[in-house]
Protein chains: 2
Amino acid sequence: MPNPLAHKLNCYVGLSEDDRMCLADAMSPSRMVAARTDIIHEGDDPRAINVILEGWACRYRQFANGRRQVVSLLLPGDPCDPHIFLLDEMDHAIGAITPVLLGQITGPAMRDLTARSPQLAMAFHREALATAAIQREWTVSLGSRTGIERLAHLFCELHARLAAIGLTDGNTCAMPMTQNDLGDAMGQTSVHINRTLQELRGMGLITLRSRRLTIHDPAALARLAHFDTAYLHLTEAGHAAAR
Amino acid sequence: MPNPLAHKLNCYVGLSEDDRMCLADAMSPSRMVAARTDIIHEGDDPRAINVILEGWACRYRQFANGRRQVVSLLLPGDPCDPHIFLLDEMDHAIGAITPVLLGQITGPAMRDLTARSPQLAMAFHREALATAAIQREWTVSLGSRTGIERLAHLFCELHARLAAIGLTDGNTCAMPMTQNDLGDAMGQTSVHINRTLQELRGMGLITLRSRRLTIHDPAALARLAHFDTAYLHLTEAGHAAAR
DNA sequence: CGGCATCTTGATCCAGCTCAACCAGCGTGG
DNA sequence: CCACGCTGGTTGAGCTGGATCAAGATGCCG
């Protein structure tokens with residue numbers, strides 16, 4: 001598979017062949033992170049931008065009482081920390097859900113890229129805005145959606161995001177999170193996630209087995225979740241990929 | 001009061017007198033919006049960046065079933081929609097809580113500003129990142145904090161943000177939201193907000209009367225809320241203002 | 001084959017919701 | 001200047017989604 005970052009950015013702004021080459025050049029040698037370990041710790045002050053090339057990760061906050069809140073999910077092509085080289089220190093950690101392959105773009109390389117290509121600069125900017133929109137939508141989910149709606153919404157979102165980077169197989173995609181992870185993300189117990197999953201299965205909407213998710217009735221699932229792709233801000237290219 | 005946007009940006013990056021003047025110049029004539037009306041509707045495609053000069057506003061999503069989720073609060077100095085001129089259409093609305101005085105910076109004026117002053121460019125960038133961090137913290141609140149913790153956290157955050165722009169009077173600050181608004185923001189009923197407020201009052205932590213909030217014991221409130229200012233990413237200037 | 005992580009299931013409990021009044025302040029028009 | 005109506009705050013009673021606690025069941029990996 002080619003660079004998933006290029007694939008993703010292309011969903012926001014059409015990139016030239018030249019842009020893709022620059023992007024590939026800017027990426028320094030990648031490193032591997034084992035599943036269930038931290039990519040970045042809270043309090044770290046790193047210097048380069050990490051990009052997920054393969055695997056899933058999550059931003060999370062850990063509380064003293066053991067409770068963990070997953071704040072967002074990072075999929076292939078997602079930059080982990082576009083901010084980091086601007087802010088003083090991390091206010092959260094990033095952990096690998098599966099084994100993760102990371103690419104890195106140094107601060108200078110990044111400045112060079114965006115200076116050279118306005119397309120790329122625009123694409124990075126839109127990417128950041130779309131990420132913010134996704135974050136807002138999570139806020140909406142946690143604040144206003146019921147358990148089953150939340151989970152349904154998450155599945156809709158994940159499928160759409162994976163589709164945009166070409167990682168779906170029809171209505172099927174990867175779903176490597178444990179029920180515990182899902183609970184941490186949805187602000188619920190794994191016990192309750194379990195029961196909610198059974199309900200979704202019982203309604204014939206999804207199958208989730210051996211870390212693969214199949215959405216049997218996308219329209220019905222989206223209706224249940226009050227899911228509307230608009231907030232993902234995918235352009236034609238992104239939607240075409242999703243089809 | 002001088003420009004609250006300058007005040008706020010100065011909390012992220014020290015600005016020169018020149019920077020402040022440029023900023024003031026870039027701001028086109030301001031407009032007034034009545035309380036309880038929309039500043040921007042969902043689906044709009046506006047061209048300029050709105051900045052709150054006076055008053056409070058909120059981003060929100062309205063559901064068909066009448067439920068409303070407030071996704072973030074906008075205080076004086078906050079840009080409403082740094083994104084808008086990049087994305088296709090609004091995925092949420094922005095509504096005025098109090099009467100709001102808006103300034104506007106056009107896209108070209110913005111580009112001009114950031115091209116002329118690297119300090120300003122940096123400040124805007126950090127502002128955006130701090131906003132994202134606040135959004136993540138809301139996700140944490142809705143996902144992991146109990147009712148009383150959530151409300152306590154909101155009060156801590158608001159006081160800190162207002163302090164950074166010089167709008168506090170010791171431990172007292174404005175709090176113009178109705179219990180209904182608070183409910184929409186915290187993903188709870190106004191009835192339950194009411195009872196939670198009584199609990200906070202009963203614990204002697206706060207007074208909230210005639211739209212003014214006083215925090216009697218900031219340390220205790222922060223402890224209850226698991227509040228840690230780090231995520232606001234205020235620099236020395238911001239913290240000094242907060243003191 | 002044994003050990004550990006994950007998933008299931010059951011029983012009980014409680015934070016927060018719903019529904020339904022009722023009260024208080026305040027702006028408006030007669 | 002008062003009566004009225006409206007918005008926002010308060011209170012009570014009963015209900016429920018999801019938490020908690022506890023035990024198994026399943027399945028994967030060394």
A:Leu182 CG to C:dC7 C1', in whole Å, measures 12 Å

Heavy-atom closest pair (A:Asn50 atom, A:Gln104 atom, distance to 0.1 Å) is OD1-NE2, 2.7 Å

Please report, rounded to the nearest Å, how far the C1' atom of C:dC14 is from the CD1 atom of B:Ile148. 15 Å

Separation of atom CZ in B:Arg67 from atom C1' in C:dT18, rounded to whole Å: 12 Å

First locate atom CD of A:Glu149, then atom OG of A:Ser141, and finally report the distance between them rounded to the nearest 0.5 Å. 8.5 Å

In the 5' to 3' direction, the nucleotides of DNA chain D bounding the stretch that comes under 4.0 Å of a heavy atom in chain B are D:dG8 to D:dA13

Sugar-phosphate, base or nothing in reach of A:Gly183, heavy atoms under 4.0 Å: nothing

N-O pairing of B:Arg61 and B:Asp91 below 4.0 Å: no

Nearest heavy-atom pair of B:Arg212 and B:Thr172: which atoms, and what distance? NH1-CG2, 3.4 Å

Would you tell me whether A:Trp138 and B:Gln135 have side-chain atoms, one donor and one acceptor, within less than 3.5 Å of each other? no

Test of ring centre spacing under 6.0 Å for B:Tyr231 and B:His226: no

What's the verdict on side chain to side chain contact (heavy atoms under 4.5 Å, CB included) for A:His216 and A:Leu221, showing C-alpha distance, side-chain angles and the deciding distance? CA-CA 9 Å; A:His216 298 301; A:Leu221 192 67; over 6 Å; no

Between its two end axes (five pairs each) the helix from C:dC1-D:dG30 to C:dG30-D:dC1 turns, nearest 10 degrees, through 40°

Within this structure, what is the CG-to-P distance between B:Leu142 and C:dG16, rounded to whole angstrom? 12 Å

Tell me which one of B:Leu197, B:Leu205, B:Leu200 satisfies side chain to side chain contact (heavy atoms under 4.5 Å, CB included) with B:Ile148. B:Leu200

Can you check salt bridge (Lys or Arg N to Asp or Glu O under 4.0 Å) on A:Arg161 and A:Asp78, steps first, answer last? CA-CA 10 Å; A:Arg161 286 170 62 187; A:Asp78 286 340; 2.9 Å; yes

Within residues 200-214 of chain A, the residues having a heavy atom closer than 4.0 Å to DNA chain D are none

Between A:Ala130 and A:Leu232, which heavy-atom pair has the shortest distance, and what is it? CB-O, 3.9 Å

Interface polar pairs with nucleotides 3-5 of chain C, N/O, under 3.5 angstrom:
none

Partner residues of A:Arg145 under the salt bridge (Lys or Arg N to Asp or Glu O under 4.0 Å) criterion, sequence neighbours left out: A:Glu137

Quick one: on DNA chain D, does A:Arg145 or B:Gln179 contact a more 5' nucleotide (nearest heavy atom)? B:Gln179

For this output row, return yes or no: ring centroids of A:Phe63 and A:His92 closer than 6.0 angstrom. no

Pair A:Thr139-B:Gln69, side-chain hydrogen bond (donor to acceptor under 3.5 Å, both in side chains): steps then yes or no: CA-CA 8 Å; A:Thr139 308; B:Gln69 179 66 43; over 6 Å; no

Should the pair A:Asp181-A:Arg36 be classified as a salt bridge under the 4.0 Å nitrogen-to-oxygen rule? yes

Correct closest heavy-atom pair for A:Phe227 and A:Thr229 would be CE2-CG2, 3.7 Å

Just by distance, with hydrogens left out, do A:His159 and A:Thr168 show a side-chain donor and acceptor under 3.5 Å apart? no

Could you list by number each residue of residues 189-199 of chain B showing a heavy-atom separation from DNA chain D of less than 4.0 Å, or answer none if no residue does? B:Val191, B:Asn194, B:Arg195, B:Gln198

d(CG, A:Asn180; P, C:dC7) in whole Å: 8 Å

